[in-house]
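Residue numbers count from 1 along this sequence. Please read these numbers as outputs of a predicted model, since none were measured by experiment.
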Amino acid sequence: MSIPNVKRFRILNPESGQVATIMAVLPKGTDPSAFAADAAKRFDWKAWQESQQKHFKIRVGQQKQRRAK
């Protein structure tokens with residue numbers, strides 16, 4: 001079940017060139033480009049990179065647990 005009226009915005013990290021996706025429900029009359037610019041300024045890239053690394057480590061560990069036949 002999805003949330004209706006959800007908009008996806010892709011923002012770019014100016015330092016490393018990585019791309020993150022932000023999902024938000026905007027109220028009527030809100031400028032989407034202004035919202036995306038403001039969200040990109042306030043986005044916590046350090047926490048996002050740490051969560052990406054943790055996610056990658058978990059996936060690598062799961063792959064190592066497989067048995068070769």
Side-chain angles (χ1 to χ4, degrees):
M1 188 169 153
S2 65
I3 301 171
N5 302 326
V6 172
K7 303 285 185 191
R8 294 179 185 209
F9 302 97
R10 296 183 67 123
I11 58 173
L12 179 68
N13 185 353
E15 296 174 6
S16 65
Q18 294 178 325
V19 177
T21 303
I22 297 176
M23 298 174 64
V25 178
L26 300 179
K28 290 183 180 179
T30 304
D31 183 24
S33 60
F35 171 79
D38 183 45
K41 288 179 191 174
R42 297 182 291 121
F43 193 75
D44 188 5
W45 285 104
K46 183 177 179 182
W48 182 82
Q49 289 173 347
E50 289 174 2
S51 70
Q52 294 294 316
Q53 289 174 353
K54 288 180 183 177
H55 180 70
F56 181 71
K57 288 180 183 176
I58 291 170
R59 295 181 77 188
V60 170
Q62 289 174 350
Q63 291 171 357
K64 287 183 179 178
Q65 291 175 0
R66 293 182 185 168
R67 281 189 172 174
K69 291 184 179 180

Met23-Val25 co-clustered via ILVMFWY side chain contacts under 4.5 Å: yes
Residue pairs passing the salt bridge (Lys or Arg N to Asp or Glu O under 4.0 Å) test where at least one lies in residues 29-44, sequence neighbours excluded: Asp38-Arg42
Any residue meeting side chain to side chain contact (heavy atoms under 4.5 Å, CB included) with Ala20, in chain and number order, not counting sequence neighbours: Ile11, Phe43, Trp45, Trp48
Pairwise salt bridge (Lys or Arg N to Asp or Glu O under 4.0 Å) hits with a residue in residues 2-28, at least two apart: none
Close side-chain approach of Asn13 and Gln49, heavy atoms under 4.5 Å: yes
Ala39 versus Ile22, closest heavy-atom pair with distance: CB-CD1, 3.8 Å
